[in-house]
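Contents: one structure, followed by commentary.
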Amino acid sequence: MKRMLFFEHLEGHGPSEDVTRINLGKNILQANDEVAHEIFHLYTDRGVFLTNVMGSPGSGKTTLIKALAKHLKIAVLEGDIASSVDSIEFAKIGVPVVQVNTDVYGSACHLEAPWIADKLRLLVEYKPEFVFIENVGNLVCPSDFNLGEHERLLVYSIPEGFDKPIKYPPMFTKATTVVLTKVDLAPVMELDIEKFKQSVRQINPNVQILTFSAKDEDSISPIVTYLEGKRQALLNSLSS
Amino acid sequence: MHEYYVAKHTIYQIKKELGEIDPNLVKSVGLKIGKMSGIIPDALNMYLNLIAPEEGLTNATFDIVLAPVLFQCNDCKNVFEPSRELFWCPKCKSSNVTFISGNELEIQYIDVENSTNNNKEVERTT
């Protein structure tokens, strides 16, 4: 009862006399976060770097992960509303992959930790160095759900325009890295890459911004180096 | 778009907190939703009112309070609520700012009607 009285003044108005107020201040998504927390520790202990890849449909999430697969030892968890189109692509190039379709969860527009936890526990057994969760293509909803990842990588393509960071701020404030894809289209779209970087940094000054073009094979190298560095930092933190 | 799922989580969490208490005794639930969370309050309220009776919370109403988006200027340390499109500090015009809060998805309180046989459990939960 002590705790109740302590928080009373924060509510602005107290409960009426015939009710008892249970003060919580608890996260609504606690059930999700508990599972995410467990996954985070599993992956951290095994030294596997877990990345949550988010972005609009068609922004180039699959293409980016396929390009990374040539340089890194990876496994992939594919999240889509329906179909196995993307997971077949990964299976063809020999990447361990698990498909999660959200149509069994009411065609959800995002992934939640309890839906994918079992699959992530399975993927880690393939002994990859990196696991990529390809979230459902969406620039709003996935940002609210923690999946236990080390890195929140937002894939954003040139044709989406430079103004989206201020139009869809939740995703951009929560991302730790933004990969700007289809940069070869910048001249056609008349989009200034520097202007885009500025508009991202305006709402998230600490974010890492990298660029990628599927037409230029060398453009993947900085992203590979960046992710390898991140994993090395994780391994160093384990041994220290 | 994901208000339905957040509503489901809300009801699950409330019932978990209630434990042995009859869900019918819940009068109101206070929620704090950050403006940066990507949740439309009206849509969340609609789903809550649809799901709650099915889950036994037949008398519950939901009070949603919106939490402001707050940024802090790294240069002059000013804490401010950005206007719709300008994310820079209104005081010193610096764009070197850090996001502080506005992502909240919280259950603030649950008001449970007093009845002679549930007082004990409420004491235990609080």
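Proteins get letters first, then strands, A, B, ... in listed order; numbering begins at 1 in each. All heavy atoms count here, side chains included; hydrogens, waters and symmetry mates do not.
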Q.
Tell me every residue that passes salt bridge (charged side-chain N to carboxylate O under 4.0 Å, His left out) with B/Lys91, counting only those two or more places apart in sequence or in another chain.
A. none
Q) Is atom OH of B/Tyr12 surrounded by more than 12 heavy atoms (other residues, nucleotides or ligands) closer than 6.0 Å? A) no
Q) What do the steps show when you test B/Lys27 against B/Thr61 for side chain to side chain contact (heavy atoms under 4.5 Å, CB included), and what is the final call? A) CA-CA 6 Å; B/Lys27 292 287 279 181; B/Thr61 56; over 6 Å; no
**Q.** Contact winner vs chain A - B/Val29, B/Asn103, B/Val69, B/Thr98, heavy-atom pairs under 4.5 Å
**A.** B/Asn103
Q) Quick one: what part of A/Lys174 sits under 4.5 Å from any heavy atom of chain B, side chain, backbone, both or neither? A) side chain
Q) Among residues 106-117 of chain A, which residues come closer than 4.5 Å to chain B, judged by heavy atom distances? A) A/Gly106, A/Ser107, A/Ala108, A/Cys109, A/His110, A/Glu112, A/Trp115
Q: Kindly determine whether A/Lys26 and B/Glu106 satisfy salt bridge (charged side-chain N to carboxylate O under 4.0 Å, His left out), including the steps that lead there.
A: CA-CA 5 Å; A/Lys26 262 196 183 169; B/Glu106 275 178 20; over 6 Å; no
Q | A/Asn204 side chain near A/Phe172 side chain, heavy-atom distance below 4.5 Å | A | no
Q) Are the charged groups of B/Lys15 and B/Glu55 less than 4.0 angstrom apart, N to O? A) yes
Q.
At under 4.5 Å between heavy atoms, what parts of residues 136-146 of chain A are in contact with chain B? List them by residue number.
A. A/Asn138, A/Val140, A/Cys141, A/Asp144, A/Phe145
**Q.** Which portion of B/Tyr4 sits near chain A, non-hydrogen atoms under 4.5 angstrom
**A.** neither
Q) Going through the checks in order, is the side chain to side chain contact (heavy atoms under 4.5 Å, CB included) test met by A/Leu147 and A/Ile39? A) CA-CA 8 Å; A/Leu147 303 177; A/Ile39 292 294; over 6 Å; no
Q: Would you check if the side chain of A/His150 reaches a backbone N or O of A/Phe49 as a donor-acceptor pair within less than 3.5 Å?
A: no
Q: Might you point out which heavy atoms bring B/Tyr109 and B/Ser28 nearest each other, and give the distance in Å?
A: CE1-OG, 4.2 Å
Q: Specify the closest pair of heavy atoms between B/Val6 and B/Thr10, including all atoms of both residues, with the distance to one decimal.
A: O-OG1, 2.6 Å
Q | Approximate separation, where rounding is to 0.5 Å, of A/Ser83 OG and A/Asp103 CG | A | 9.0 Å
Q.
Report, in residue-number order, which members of residues 32-48 of chain B are under 4.5 Å from chain A by heavy-atom distance.
A. B/Ile33, B/Met36, B/Ser37, B/Gly38, B/Ile39
Q | A/Phe132 and A/Phe130 aromatic ring geometry - parallel, tilted or perpendicular at 30°/60° bounds | A | parallel
Q. Less than 4.0 Å between a side-chain N and a carboxylate O, is that true for A/Arg21 and B/Asp111?
A. yes
Q) Do A/Glu160 and A/Ser157 have a side chain donor and acceptor closer than 3.5 Å? A) yes
